[in-house]
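What follows is a single structure, written as structure tokens, with notes after it.
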Amino acid sequence: MKVLVLNCGSSSVKYQFINTENKLVLSKGSIESIGSSSAILTHQRYDGDTIKITGEILDHDLAIEYVIAVLLSKNHGVIKDRSEIEAVGHRVVHGGEDFSGSVLITDTVIQTLRENIELAPLHNPPNIKGIVACLKHLPDVPMVGVFDTAFHQKMPPRAFLYGIPYLLYKRYKIRRYGFHGTSHLYVSKRAAELLGKAYDSIKIISCHLGNGCSIAAIDRGISIDTSMGFTPLEGLLMGTRCGDLDPSIPLHVMAKEDLTLAEVNTMLNKHSGLMGISGVSNDMRELIKTMNEGNERPRLAFEVFCYRIKKYFGAYIAALGGLDAIVFTGGIGENSFEVRKEVLTNLEFLGIELDDEKNLIQNGDRIISKDSSKVKVFVIPTNEELVIALETAQIVSELRKEMSNKS
Ligand code: AMP
């Protein structure tokens, strides 16, 4: 099935057009700076043909029209008619407690997404705009919503409740949701495949380490705990986000520095994490470079980053009651052998033995633990677009089957 995968952000639309039968990306691209007269469309076809166009694209509706137009383009496109787009898969950030899996998008689903806007005020509105635009430009094409939060929806209450009045959970849905669900699902399933074991028979810790970072404890196919919480601010140290924090700190800083709610929010989301500690960069490559030149604060940021991952390993091994595999993914997880080494050092007593040579190999799905290691350690490049395309194809195929049974 040929599926258009869309990831609509506040000022950008990223897309991939994927043939799910052979997993080939027929074309992919993005539109950045939507809402301005200098929006940039970048489009790449499977054969390497690339174009870049700058122009006025004022809203998501027009952006989606451009995406369809470029897929249809005589010189750079891959389809002759829009009916060749068989389904659209939308990445949706927050499904709240309403979605524990991907769903066919209906009017009711759109209404429920609108009701969940409060939980993700920055992310869900552009996701909804993308869905509404597709309804207009591809009215006969089935659409599926794939949620970042869905994979974690089976967490037990002991993992998702916070130690605040229960009333606040009931009234405002304040609880742990977790994010990066499609990524954790993809890499953990792939790890099971590489191990040659059934997904529902093993225990995995999955580490998504990119600009945003999260870690998940996956017990026989179920995410039983994860580090991101009510929002993607909790948990591991990230590029510019603080991660776990004593909740009284923001209150104290607000009082001391006379900050508003918006200002303290910006501080925790944009000026903290690796950037905040190092004062140099939120980019791990830059941080490691300056650290190796002998700079103290980049080293501190690196150490806090890795130490926190290690601490979560301890917690999640206890929560899982054992461990078969650890998976690293995301820009840092896939590329930084330095981070992987720091995180995995001195864990032999837990049956985790890193192979230093294998750890240096770059690219592809790979195993980096020693043959003797009881716990296998994998590096698996994430592929969220492929997961969205496959989920979409599965749901649409089931729908087609149902319809043909009825007729
Ligand atoms: P992502 O959000 O998954 O694109 O990941 C972005 C992060 O990956 C940034 O912190 C980059 O510095 C980091 N990254 C990418 N390549 C490397 C590399 N070769 N070594 C270390 N970090 C890297």
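In this text the structure is predicted, and so the values were computed from the model without any measurement. Indexing begins at 1, ligand by ligand and atom by atom, following the structure's order.
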I'd like to know if [X] and [Y] make a salt bridge, using a cut-off of under 4.0 Å between side-chain N and carboxylate O.
| X | Y | result |
| --- | --- | --- |
| E384 | K14 | no |
| R299 | E303 | yes |
| K28 | E385 | no |
| K358 | D371 | yes |

TODO: Check the angle between the aromatic planes of H94 and F179 and answer parallel, tilted or perpendicular using the 30° and 60° thresholds.
DONE: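 Perpendicular.
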- [ ] Report all protein residues having a heavy-atom distance below 4.0 Å to some atom of ligand 1; order the list by chain, then number.
- [x]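 Residues within 4.0 Å of ligand 1: G210, N211, N282, D283, M284, R285, G330, G331, I332, N335, S336.
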Task: Between S102 and E391: side-chain donor-acceptor atoms closer than 3.5 Å - done: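 Their side chains do contain a donor-acceptor pair, which is all the 3.5 Å distance test asks for.
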